[in-house]
Amino acid sequence: QVQLVESGGGLVPAGGSLRLSCAISGRTFSSYVMGWFRQAPGKERAFVGLINWSGNTYYADAVKGRFTISRDNANNTVYLQMNSLKPEDTAVYYCAATARSGYSRGYYYTETPYDYWGQGTQVTVSA
């Protein structure tokens, strides 16, 4: 049974920073692609970024240059460092994991390949 548990959300003023954590248990963490998604009020869940088995990272244009994803394989944890936060970054943030491989990069920008999801953590950025 794979479980993902997120932490680190909260309220922060615009321009501030937060670091989200996602701890995964149950399987070999290093073999997973780990994605971050977010869902703002009234909107569909959207891709934020991902980190693959090799440590390569990819980001949505809206967060590129401000957000950084990293992973600690020894502690089975992935991080989302968010800097220069904007009110439009307000959302529930989810981490997700998949062991599926062999697909194009763009496939992993969708929710489809991710088999495991965390419960979500609220991030609120005040103006």
Side-chain angles (χ1 to χ4, degrees):
Q1 182 87 15
V2 177
Q3 291 185 320
L4 280 68
V5 178
E6 297 125 341
S7 60
L11 173 65
V12 62
S17 298
L18 276 177
R19 188 177 79 157
L20 306 184
S21 300
C22 175
I24 183 170
S25 62
R27 291 283 178 90
T28 304
F29 173 71
S30 61
S31 65
Y32 281 80
V33 172
M34 300 297 298
W36 284 96
F37 292 78
R38 66 185 182 185
Q39 187 166 21
K43 296 186 177 181
E44 296 186 350
R45 193 152 55 183
F47 172 76
V48 173
L50 67 85
I51 186 166
N52 67 10
W53 315 272
S54 301
N56 296 322
T57 54
Y58 305 94
Y59 301 94
D61 288 342
V63 307
K64 203 172 293 182
R66 300 188 297 122
F67 290 12
T68 302
I69 298 173
S70 60
R71 66 192 298 162
D72 181 349
N73 288 338
N75 291 303
N76 288 3
T77 303
V78 63
Y79 302 98
L80 177 64
Q81 176 67 45
M82 305 184 293
N83 299 328
S84 302
L85 282 162
K86 305 174 181 180
E88 51 263 44
D89 295 317
T90 295
V92 177
Y93 283 72
Y94 299 89
C95 65
T98 180
R100 301 174 190 267
S101 61
Y103 298 97
S104 66
R105 184 191 307 170
Y107 186 64
Y108 295 95
Y109 295 179
T110 73
E111 297 184 39
T112 304
Y114 295 92
D115 296 306
Y116 309 102
W117 291 82
Q119 80 284 1
T121 185
Q122 176 70 45
V123 172
T124 303
V125 184
S126 60

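Considering every non-hydrogen atom in both Ser84 and Arg66, the closest pair reads O-NH1, 2.9 Å. Of all heavy-atom pairs between Val123 and Leu18, the closest is CG1-CD1, 3.9 Å. Annotation for Arg38 and Ala62: closest pair NH2-CB, 4.0 Å, computed over non-hydrogen atoms. Here the shortest heavy-atom pairing between Leu20 and Met82 reads CG-CE, 3.8 Å. Between Val33 and Trp53, the shortest heavy-atom contact is CG2-CZ2, 3.4 Å. Nearest heavy atom pair, residue Tyr93 against residue Glu6, reads O-OE2, 3.8 Å.
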Could you walk me through whether Tyr108 and Phe47 pass the ring-ring contact (aromatic ring centres under 6.0 Å, His included) check? CA-CA 9 Å; Tyr108 295 95; Phe47 172 76; 9.9 Å; no
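The 12-atom threshold is exceeded at NZ of Lys64, counting heavy atoms of other residues, nucleotides or ligands nearer than 6.0 Å.
Leu85 pairs with exactly one of Val63, Thr90, Val12 by the side-chain contact (heavy atoms from CB on, under 4.5 Å) rule, that one being Val12.
Counted by atom type alone, Asn83 and Ser17 present one or more donor-acceptor pairs between their side chains at under 3.5 Å. At a cut-off of 3.5 Å, with distance as the only test, a side-chain donor of Thr124 or Gln122 sits close to an acceptor on the other residue.
Both tests do not hold together for Arg71 against Tyr79: distance to the six-membered ring centre under 6.0 Å, angle to the ring axis within 45°.
Looking only at side-chain heavy atoms (C-beta outward), Tyr59 and Thr68 come within less than 4.5 Å of each other. Between Ile69 and Tyr58 the shortest side-chain heavy-atom distance does not fall below 4.5 Å.
Residue Val2 is grouped with residue Ile51 when hydrophobic side chains (ILVMFWY) are merged at heavy-atom distances under 4.5 angstrom, including chains of intermediate members.
The backbone N or O of Ala74 lies less than 3.5 Å from a partner atom in the side chain of Asp72, making a donor-acceptor pair.
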